[in-house]
Amino acid sequence: MKYEFFIGLRYLKSRRGQAFISIIGLISIIGVFIGVMALNVVLAVMSGFESELRDKILGVSSHLVVLSYDGPIEEFHKIRDKVIDFPDVLGVSPFIYGQGMIVSDDNVIGAVVRGIDHKAAGTVTNIEEAVGRGYLGRGEGIKRDRLIGVGKENLNRFGENTISGKPPILLGRELAATLSVITGDIISLLSPLGSIGSLGLNPKVKKFEVVGTFDYGMVEYDSSIAYLSLSDAMSFFDMEGKVSGLEIKVNDIYTARDIGERLTVTLGFPYFVRNWEEVNRSLFRALRLERMAITIFLGFIILVAALDIISTLTMVVMEKGKDIAILRAMGATKGSILRIFITDGMIIGFIGTLLGTIAGYGICYLLKTNESIKSLIPFDPEVYPISEFPVKIEPLFFLTVAIFSLIICFLATLYPSYQASCKDPIEALRHE
């Protein structure tokens with residue numbers, strides 16, 4: 001063990017008459033500990049929230065969407081055949097996007113109406129799981145395979161005749177609750193883009209039978225979306241043989257941008273491809289900005305602890321003036337004195353950082369795995385797009401926070417350590 005480290009370790013214990021210095025050193029450790037722990041927990045929660053929100057959004061919308069500058073796509077079968085053979089593409093499904101008013105016996109509400117291919121929609125979104133959850137409810141312990149199986153059964157009703165003979169429609173759980181309808185009820189769908197008559201524009205009205213509900217777990221989607229079969233949507237929106245676009249799922253969401261650019265080149269004008277990051281750019285940019293702001297503000301806790309380290313080392317230097325003079329007289333260099341006090345401060349920083357990292361990981365692990373702790377922080381699904389406290393443990397974040405903390409603590413040791421190394425041993429001994 002080098003003597004600089006040994007002496008720096010001994011200096012953590014002040015003389016009996018100067019115990020106040022040791023208390024400030026302990027406070028410095030606690031400050032670093034709290035700062036590192038809080039920063040780790042908040043980053044894990046923010047990452048978990050962003051990850052869960054992204055998963056829920058990508059459960060409704062696809063990774064990529066093929067659109068046309070000319071409007072509806074006519075020869076979409078040819079486009080689908082080209083895209084499905086493209087590398088890293090897992091699924092392709094055509095869709096129609098429209099809007100309308102849904103009328104029940106008790107209420108009227110506007111909704112987004114989407115026409116889907118019920119055989120292919122499950123390859124690009126989580127619609128099968130959502131339809132299964134809408135049928136089985138939000139009970140805990142339902143396996144995903146079970147949800148998907150039930151969802152496939154309900155989606156197959158798009159290809160079967162309904163009891164009433166009316167075309168089938170799927171409603172979001174919240175939308176169905178607002179309309180006060182259940183499976184088997186008849187609703188009317190109105191489109192403002194109807195035919196022109198003698199009195200002006202006549203809205204198009206058609207009756208549908210509710211064959212089920214779906215539950216994506218986000219009230220924004222569950223209260224505003226209705227699904228029709230692709231053929232019924234073509235008929236209702238006067239788009240025979242045309243679709244609004246094609247949804248695509250890829251094997252890695254983080255390569256979606258690159259795949260989309262290559263697909264745009266392959267398909268050529270007038271087609272273009274939008275990726276999920278472009279569609280939801282403002283939302284995820286706001287989340288990242290919020291995480292950055294919180295990180296900066298919580299980083300100030302570590303900065304305050306660093307100021308305590310400066311105060312501690314400054315008082316240690318004042319207390320150990322005679323010891324410094326003796327060490328210099330015995331041949332210790334300025335660099336050795338500098339390293340002694342840097343070691344002293346870094347021990348404080350290392351202990352606080354280590355304890356903060358361990359405590360932060362422990363809290364994140366409990367929040368992630370312990371159901372009783374999760375229940376203490378309930379989330380109302382009517383307000384939040386999540387149902388439980390989201391935590392995502394990323395080792396890189398823990399490592400980054402630890403390095404950031406140690407760098408701040410190291411910088412805090414430089415000034416008092418430099419002052420100690422510059423002390424004149426003769427002047428120090430003259431006053432003893």
Side-chain angles (χ1 to χ4, degrees), residues 57-58 60-101 110-125 127 158 167 169-170 189-197 200-206 208 221 224-250 253 255-283:
I57 289 175
L58 294 181
V60 182
S61 57
S62 58
H63 300 164
L64 296 170
V65 179
V66 178
L67 301 171
S68 173
Y69 289 110
D70 294 338
I73 300 174
E74 294 186 12
E75 299 180 343
F76 66 93
H77 295 289
K78 294 181 180 180
I79 303 297
R80 181 175 58 187
D81 293 340
K82 283 185 180 180
V83 173
I84 197 64
D85 294 329
F86 205 79
D88 300 321
V89 171
L90 301 180
V92 182
S93 178
F95 72 95
I96 291 176
Y97 179 92
Q99 294 181 334
M101 298 290 292
V112 173
V113 181
R114 291 176 63 91
I116 59 170
D117 180 353
H118 67 277
K119 295 181 179 179
T123 64
V124 295
T125 65
I127 185 172
F158 276 142
I169 187 171
L170 277 171
L189 181 61
L190 286 76
S191 172
L193 304 178
S195 59
I196 299 178
L201 188 64
N202 297 322
K204 189 171 187 177
V205 183
K206 192 171 184 178
F208 290 84
Y221 296 134
S224 62
I225 297 178
Y227 287 120
L228 303 179
S229 69
L230 195 63
S231 58
D232 290 333
M234 286 181 181
S235 174
F236 184 76
F237 291 110
D238 296 324
M239 294 177 61
E240 293 297 339
K242 302 176 184 178
V243 296
S244 301
L246 290 95
E247 296 179 303
I248 303 170
K249 183 177 182 178
V250 298
I253 61 173
T255 61
R257 181 189 295 273
D258 178 61
I259 296 173
E261 292 173 352
R262 289 189 282 123
L263 266 175
T264 300
V265 174
T266 301
L267 297 176
F269 186 84
Y271 304 107
F272 65 98
V273 181
R274 298 190 69 189
N275 61 69
W276 65 273
E277 290 180 291
E278 291 176 332
V279 175
N280 303 285
R281 179 182 301 168
S282 58
L283 173 62

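Hydrogens, waters and symmetry mates play no part in the numbers below; they use all other heavy atoms, side chains included. Residue numbers start at 1 and run along the sequence shown.
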Sole residue of Tyr271, Phe272, Phe76 in side-chain contact (heavy atoms from CB on, under 4.5 Å) with Ser68: Tyr271
side-chain contact (heavy atoms from CB on, under 4.5 Å) between Met234 and Val243, intermediate numbers included: CA-CA 8 Å; Met234 286 181 181; Val243 296; 3.9 Å; yes
Spacing of CD belonging to Glu277 relative to CD1 belonging to Ile253, to within rounding of 0.5 Å: 8.0 Å
Distance-minimising heavy-atom pair for Asp232 and Pro167: OD2-CB, 3.5 Å
Gap between atom CG of Asn275 and atom OG1 of Thr255 - 0.5 Å precision: 10.5 Å
Heavy-atom closest pair, residues Gly115 and Leu230: O-CD1, 3.8 Å
Heavy-atom side-chain proximity of Val66 to Lys82 below 4.5 angstrom: no
Val124 and Phe95, any side-chain heavy atoms less than 4.5 Å apart: no
Beyond-backbone contact of Phe236 with Val113, side-chain heavy atoms, under 4.5 angstrom: no
Straight-line distance of Lys204 NZ to Phe237 CZ, nearest 0.5 Å: 9.0 Å
From Leu64, Val65, Val60, residue fulfilling side-chain contact (heavy atoms from CB on, under 4.5 Å) relative to Ser62: Val65
Which atom of Ala256 lies closest to which atom of His63, heavy atoms considered: CB-O, 4.3 Å
Criterion side-chain contact (heavy atoms from CB on, under 4.5 Å) on Asp117 and Arg80, from CA distance to verdict: CA-CA 12 Å; Asp117 180 353; Arg80 181 175 58 187; 3.9 Å; yes
Interatomic spacing from OG in Ser191 to CD in Gln99 - rounded to 0.5 Å: 9.5 Å
Exercise: identify the closest heavy-atom pair between Pro72 and Met239: CB-CE, 3.8 Å
Over all atoms of both residues, closest heavy-atom pair of Ser244 and Leu67: O-CD2, 3.5 Å
Side chain to side chain, Leu246 and Ile73, heavy atoms closer than 4.5 Å: yes
4.5 Å side-chain heavy-atom contact, Trp276 and Ile57: no
Atom CD of Glu240 with >12 non-hydrogen neighbours under 6.0 angstrom: yes
Heavy-atom pair with the smallest gap, counting every atom of Lys249 and Thr123: CD-O, 3.2 Å
Glu74, CD atom: more than 12 neighbouring heavy atoms under 6.0 Å: no
From CD1 (Ile79) to CD1 (Ile248), nearest 0.5 Å: 10.0 Å
Parallel, tilted or perpendicular: ring planes of Tyr69 versus Phe269, cut at 30 and 60 degrees: parallel
Stepwise side-chain contact (heavy atoms from CB on, under 4.5 Å) test for Arg262 and Asp88: CA-CA 12 Å; Arg262 289 189 282 123; Asp88 300 321; 4.1 Å; yes
Nearest-0.5 Å distance, CG of residue Leu263 to CG of residue Asp258: 10.0 Å
